[in-house]
Asker: 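Handing you this structure, nothing more for now.
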Amino acid sequence: MNIKLNFEDLKAFLDAKVIQYNQPGFITNDPVCIPHLFTNKQDIEIMGFWSAMLAWGQRVTIINKCKELIALMDGAPHDFIMNHQDTDLKKLLNFKHRTFNATDTLYFIHFFRHHYSSFDSLEDAFLPFKNDEIFRDDFKETLSNASSKKQLKSEVCFAPMFLQPTIEGNLNYFRSYFFSLPDFPHRTIKHVSSPQQKSTCKRLNMFLRWMVRNDENGVDFGIWNRISPAQLICPCDLHVDRVARKLGIISRKQTDWQTALELTENLRQFDPQDPVKYDFALFGLGIEEKFQFS
């Protein structure tokens, strides 16, 4: 049974929950604690991305597996990725979290090394590239074809990215770039989603929230400034989905990319410049207060 609140009451309720959960005490038991172990920007990005990609299952297990991965990279992910020898990778061959295995781990390292050889920040991986020499030919052809399409909602949306009010195009772009390296393992594709696959992209949206939002409350990092908080899409996991439906913020029957868009568009009515801050409220209500079950 849904709870009916008028606009003002619902906004006040959610704003209060944002204040309650958007504070340093939230960090300890959440995967966001992993990038908070570091001060180096590249380490924050690498382990922020990796902990987000591994974020399914119990949070304590996710955190422990990420710490195991950090230890395997000698406590310095960026330095290990950029300077390792092939023999150094042997100790990673037994790393596994659910369906994420050594093949996936090694490709992530390969991608990061490739990317950071050309760019200082992982933010560039979500933005249009000017140096097309880093792409293989068939990927450049795909990008060129996408650029020539006039409709905004093309099957592949890279070129009109700057016209879009959300990061949808950026996410599609990132996935294609992530798998643009020769001989990428096809089994790894399932670990990096995009709107093009109609996924909610919960993990990527969570990672982008961490990197982009900057409210000085100590949870999100705000170390990226070329993507606006207003463009972000709310991570729509099981807890957020159930709470949002109970509050009448989601009406779409299925849970997919369009559901994430609907949720975020409704949250924009409360704060158009920072709609994703309400992720703290919805997730906190779901995971900490079991609100959806009451």
Side-chain angles (χ1 to χ4, degrees), residues 24 27-126 134 174-175 177-193 201-212 218-224:
I27 296 173
T28 305
N29 298 318
D30 189 83
V32 75
C33 74
I34 295 300
H36 274 285
L37 296 173
F38 301 95
T39 57
N40 175 270
K41 180 179 181 179
Q42 290 79 19
D43 287 331
I44 292 171
E45 292 175 339
I46 290 167
M47 289 315 303
F49 180 81
W50 222 320
S51 60
M53 293 304 100
L54 296 181
W56 76 97
Q58 294 185 346
R59 288 189 292 171
V60 64
T61 302
I62 297 165
I63 292 168
N64 287 337
K65 295 302 292 187
C66 288
K67 289 181 177 179
E68 175 187 339
L69 182 61
I70 292 168
L72 291 171
M73 293 190 286
D74 303 326
H78 180 254
D79 182 69
F80 178 88
I81 286 167
M82 301 307 295
N83 299 306
H84 70 268
Q85 303 298 316
D86 287 346
T87 54
D88 297 325
L89 299 176
K90 291 181 180 179
K91 58 186 175 182
L92 291 160
L93 296 180
N94 292 322
F95 181 78
K96 182 178 181 181
H97 174 59
R98 295 206 166 193
T99 63
F100 191 95
N101 68 12
T103 299
D104 308 314
T105 301
L106 295 180
Y107 184 74
F108 271 44
I109 289 174
H110 181 43
F111 168 78
F112 283 133
R113 190 176 202 174
H114 166 79
H115 177 78
Y116 284 113
S117 294
S118 299
F119 299 97
D120 183 62
S121 173
L122 190 58
E123 184 176 14
D124 291 281
F126 291 85
I134 63 175
F174 172 76
R175 187 173 190 265
Y177 170 52
F178 190 85
F179 293 111
S180 68
L181 304 186
D183 302 322
F184 67 88
H186 285 270
R187 62 151 285 115
T188 306
I189 291 177
K190 64 177 176 288
H191 294 299
V192 180
S193 58
C201 301
K202 177 202 78 172
R203 298 178 185 91
L204 280 173
N205 284 327
M206 180 173 66
F207 170 67
L208 289 177
R209 195 205 85 196
W210 295 348
M211 297 298 105
V212 173
V219 181
D220 295 332
F221 291 88
I223 56 176
W224 292 1

Asker: Distance check, rounded to the nearest 0.5 Å: S51 atom OG versus M206 atom CE?
Answerer: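 Interatomic distance, S51 OG to M206 CE, rounded to 0.5 Å: 6.5 Å.
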Asker: According to side chain to side chain donor-acceptor pair (under 3.5 Å), who are the partners of D104, at least two apart in sequence or on a separate chain?
Answerer: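 D104 satisfies side chain to side chain donor-acceptor pair (under 3.5 Å) with R187, T188, H191 only.
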Asker: Would a line drawn from the ring center of Y177 to the ring center of F111 be shorter than 6.0 Å?
Answerer: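 Judged by ring-centre distance (under 6.0 Å), Y177 and F111 do meet the cut-off.
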Asker: Specify the closest pair of heavy atoms between M47 and P77, including all atoms of both residues, with the distance to one decimal.
Answerer: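 That would be CG-CG, 3.6 Å.
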Asker: Going through the distances and angles, do F49 and F108 end up as a ring pair (Phe, Tyr, Trp, His ring centres under 6.0 Å)?
Answerer: CA-CA 10 Å; F49 180 81; F108 271 44; 5.7 Å; yes
Asker: Do D120 and Q42 have side-chain atoms, one donor and one acceptor, less than 3.5 Å apart?
Answerer: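 Present: a donor and an acceptor within the cut-off.
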Asker: Would you please indicate yes or no on a ring centroid separation below 6.0 angstrom for Y107 and F178?
Answerer: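 Between F178 and Y107, the centre distance is under 6.0 Å.
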Asker: Kindly give the heavy-atom pair with the smallest separation between G48 and F207, and that separation in Å.
Answerer: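 Between these two residues, the closest heavy atoms are C-CD1, 3.4 Å.
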Asker: Tell me whether the guanidinium CZ or amine NZ of K65 lies under 6.0 angstrom from the six-membered ring centre of F95 and within 45° of its axis.
Answerer: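 Judged by the rule, K65 and F95 form a cation-pi pair.
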Asker: For E45, which of Y116, W50, W210 qualifies under side-chain hydrogen bond (donor to acceptor under 3.5 Å, both in side chains)?
Answerer: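 By the side-chain hydrogen bond (donor to acceptor under 3.5 Å, both in side chains) criterion, E45 pairs with just one of Y116, W50, W210: Y116.
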Asker: Run the side-chain donor-acceptor check on residues 56-63: report pairs under 3.5 Å with partners two or more places apart or on a different chain.
Answerer:
unit_1, atom_1, unit_2, atom_2, d
R59, NE, N29, O, 3.3
R59, NH1, N29, O, 3.3
R59, NH2, E288, OE2, 3.3

Asker: Could you tell me if the side chain of F126 sits less than 4.5 Å from the side chain of V212, heavy atoms only?
Answerer: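 The answer is no, as the side chains (C-beta and beyond) never meet within the 4.5 Å cut-off.
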Asker: Within the side chain of D88, is there an N or O that forms a donor-acceptor pair under 3.5 Å with the backbone of Q85?
Answerer: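 Indeed, once roles are kept as given, a pair shorter than 3.5 Å links the two residues.
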Asker: Look at the side chain of H78 and the backbone N and O of D43, then say whether any donor-acceptor pair between them is shorter than 3.5 Å.
Answerer: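 Not a single qualifying donor-acceptor pair exists.
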Asker: So, the side chain of N101 versus the backbone of T103: is there a donor-acceptor pair under 3.5 Å, distance only?
Answerer: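 Indeed, once roles are kept as given, a pair shorter than 3.5 Å links the two residues.
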Asker: Would T28 and C33 satisfy side-chain contact (heavy atoms from CB on, under 4.5 Å), going step by step from the backbone distance to the final call?
Answerer: CA-CA 6 Å; T28 305; C33 74; 5.9 Å; no
Asker: I'd like to check the ring pair (Phe, Tyr, Trp, His ring centres under 6.0 Å) partners of F221; sequence neighbours left out, ordered by chain and number.
Answerer: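 Listed in chain order: H36.
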Asker: Distance check, rounded to the nearest 0.5 Å: I46 atom CD1 versus N40 atom CG?
Answerer: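 Those atoms lie 8.0 Å apart.
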Asker: When you compare the side chain of K41 with that of S121, does any pair of heavy atoms fall below 4.5 Å?
Answerer: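 Side-chain contact under 4.5 Å: yes.
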Asker: Measuring from D79:CG to H84:NE2, what's the distance to the nearest 0.5 Å?
Answerer: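 That separation rounds to 11.5 Å.
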